[in-house]
Amino acid sequence: MPSTTLSPSRLHSPKPSLDAEGIAQAVQEELNKIQIIDVHTHLFKPSLGSLGLWGIDELLTYHYLEAELFRSSPITPEEYWKLSKQQQADTIWRALFVENLPVSEATRGVVAVLQAFGLPTDSPDLKEAREFFASQELNGHISRVFQMAGISEAVMTNDPLDPEEAPQWERATDRDVRFRAVLRLDRILNKWPEHWRILQSQGYDVELQISTKTTYAVRRFLADWCKRMHPVYMAVSLPDTFQFPEESPRARLLEHAVLPSCREHNIPLSLMIGVRYQVNPAIRLAGDAVGKADLRALENLCRNFPDNRFLCSVLSRENQHELCVYARKFRNLMPFGCWWFLNNPSIVEEITRERIEMLGMSFIPQHSDARVLEQVIYKWRNTRRTMAPIFTNTYKLLAEDGRPVTHEGIHHDMVRLFRGNFEHFVAGNREPK
Ligand code: FIX
Ligand code: ZN
């Protein structure tokens, strides 16, 4: 892992240590100032057309809120899916924001976004909010939202087999510096039997069997998409039952196509482990759950493929400690984010404290996983709010134990956590962009 270090003269500053109040102030200042790289989102650059979701109706029909709707309203999923997008948003607004106080993390998030734009947070309907968002020009709105969220870039999730997205890449050749691409491989790795024919129809000499011919052709497919997308990493989400090695198309494609391709293009593979897919299909995207995974699969990958770099986020609370321990064993492993059901202050606090205690500042604390543009506003505000006291306490302990803490040192760490670690890890032995 290339260095993100301070020069000795700057670390061993003659400057007196900040006192407790000074530390808290410096942490707040640096957290407010840092322009974060949001390393995993489901946002899309505008040139990818209508894939990018934004505005009040999308904010309200977010699958986190749909899950909460079915707990606080008599409407059935079948009835809900028959409604138009606007009717769905109206239903969620009424049930979770008018008839009940929006106290959950996800509902409070919508309130924070409305407040950020100076819109009423307690009106009986969505008329004013809809008029406001309808009056926004998308490109300018994206830049304004990124500025409000304090992020410089959003890393997308791009699926080369998505029938809606794939054709867009033929046209979307622009390099929008606000967005970075990622080659998402869930369909190839988790659902090969259902998807290999799509590659064949595109002229890749693959078959159901994961033969050498197939792995060679899949590597060609990945190389073509790397040329088209310039991905910062490849990524896959994996079930709680994920095993490696194992006799499966997924394990063979990983070993003989994806990992070699990542080495060839010198980019990491991101493993997001621990999903129990569609435990309740009736509520669609909201129907996924979590399961504790056997992380020996990760251990085997990190040990057996030392020339590959692995970004990793695990969904189960019970897997967090193991992930920290494995990161202490393997420098080609970078833990990132408090993913999905973990992105709640009480759990973010627990995970982040444990990571600092075990890894110092050598991890990526958070990602937003935003599916709707304006979500980055509340998700990063909440992250800053939750992490400020954790970082402050960390430095207070360091000062108490006898090491002077300076504003400069804190600045260095915030840059490292929210930019440097990611940039260096994805760059590998190249100079980061
Ligand atoms: O696999 C993923 O990237 C997950 O983040 C999503 O599938 C999930 O639906 C989500 O939105 C989590 O926040
Ligand atoms: Zn995601």
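Remember, it's a predicted structure, so these values are computed and weren't measured experimentally. Read the numbers this way: they start at 1 and go in the same order the structure lists the ligands and their atoms.
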Is [X] salt-bridged to [Y], cutoff N-O under 4.0 Å?
{"X": "Arg371", "Y": "Glu58", "answer": "no"}
{"X": "Lys213", "Y": "Asp205", "answer": "yes"}
{"X": "Lys82", "Y": "Glu78", "answer": "no"}
{"X": "Arg416", "Y": "Asp413", "answer": "no"}

Can you sort out which atoms of ligand 1 are near [X], meaning under 4.0 Å from one of its heavy atoms?
{"X": "Ser237", "answer": "1 (O)"}
{"X": "His42", "answer": "2 (C), 3 (O), 4 (C), 5 (O), 6 (C)"}
{"X": "Asp369", "answer": "5 (O), 12 (C), 13 (O)"}

Test: Lys379 cationic atom under 6.0 Å from Tyr64 six-membered ring centre, within 45° of axis
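So Lys379 does make the cation-pi contact.
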Hey, which protein N/O/S atoms does the Zn ion (ligand 2) have under 2.8 Å?
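Atoms qualifying: His40 NE2, His42 NE2, Asp369 OD1.
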Using a 3.5 Å cut-off and no angle test, enumerate the donor-acceptor pairs between side-chain atoms of residues 91-101 and protein atoms at least two apart in sequence or in another chain.
from	atom 1	to	atom 2	distance (Å)
Thr91	OG1	Gln87	O	2.7
Trp93	NE1	Ser123	O	2.8
Asn100	ND2	Ala95	O	2.7

In the protein, what heavy atom is nearest to [atom], and what distance, to one decimal place, separates them?
{"atom": "atom 13 (O) of ligand 1", "answer": "Tyr64 OH, 2.5 Å"}
{"atom": "atom 10 (C) of ligand 1", "answer": "His63 NE2, 3.5 Å"}
{"atom": "atom 4 (C) of ligand 1", "answer": "Trp339 NE1, 3.5 Å"}
{"atom": "atom 1 (O) of ligand 1", "answer": "Arg184 NH2, 2.6 Å"}

Pick whichever of Lys379, Met272, Arg371, Gln375 has a heavy atom sitting closest to atom 7 (O) of ligand 1.
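Looking at heavy atoms only, Arg371 sits closest to atom 7 (O) of ligand 1.
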What pairs of donor and acceptor atoms, side-chain ones from residues 282-296 against any protein atom, are under 3.5 angstrom apart with sequence neighbours left out?
from	atom 1	to	atom 2	distance (Å)
Asp288	OD1	Gln278	N	2.7
Asp288	OD1	Gln278	NE2	2.9
Lys292	NZ	Glu322	OE1	3.4
Asp294	OD1	Arg296	N	2.9
Asp294	OD1	Arg296	NE	3.0
Asp294	OD2	Arg296	NE	3.3
Asp294	OD2	Arg296	NH2	2.9

Do the ring planes of His141 and Phe132 sit parallel (below 30°), tilted (30 to 60°) or perpendicular (above 60°)?
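Taking Phe132 first and then His141, their aromatic rings stand perpendicular (interplane angle over 60°).
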Test your reading of the structure: does Asp288 have an N or O sitting under 3.5 Å from an N or O of ligand 1?
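N/O-N/O distance below 3.5 Å does not exist for this pair.
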Ligand 1 N/O within reach of His40 N/O, cut-off under 3.5 Å:
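For ligand 1, there is an N or O atom that lies under 3.5 Å from one belonging to His40.
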Sequence neighbours excluded and cut-off under 3.5 Å, please list the side-chain donor-acceptor pairs for residues 194-201, or say none.
from	atom 1	to	atom 2	distance (Å)
His195	ND1	Lys191	O	2.8
Ser201	OG	Arg197	O	3.4
Ser201	OG	Ile198	O	2.5

Residue pair His63, Glu66: steps toward the side chain to side chain contact (heavy atoms under 4.5 Å, CB included) verdict
CA-CA 5 Å; His63 68 83; Glu66 290 172 335; 3.8 Å; yes
Check the surroundings of atom CD in Glu137: do more than 12 heavy atoms from other residues, nucleotides or ligands lie under 6.0 Å from it?
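Atom CD in Glu137 is packed in, count exceeds 12.
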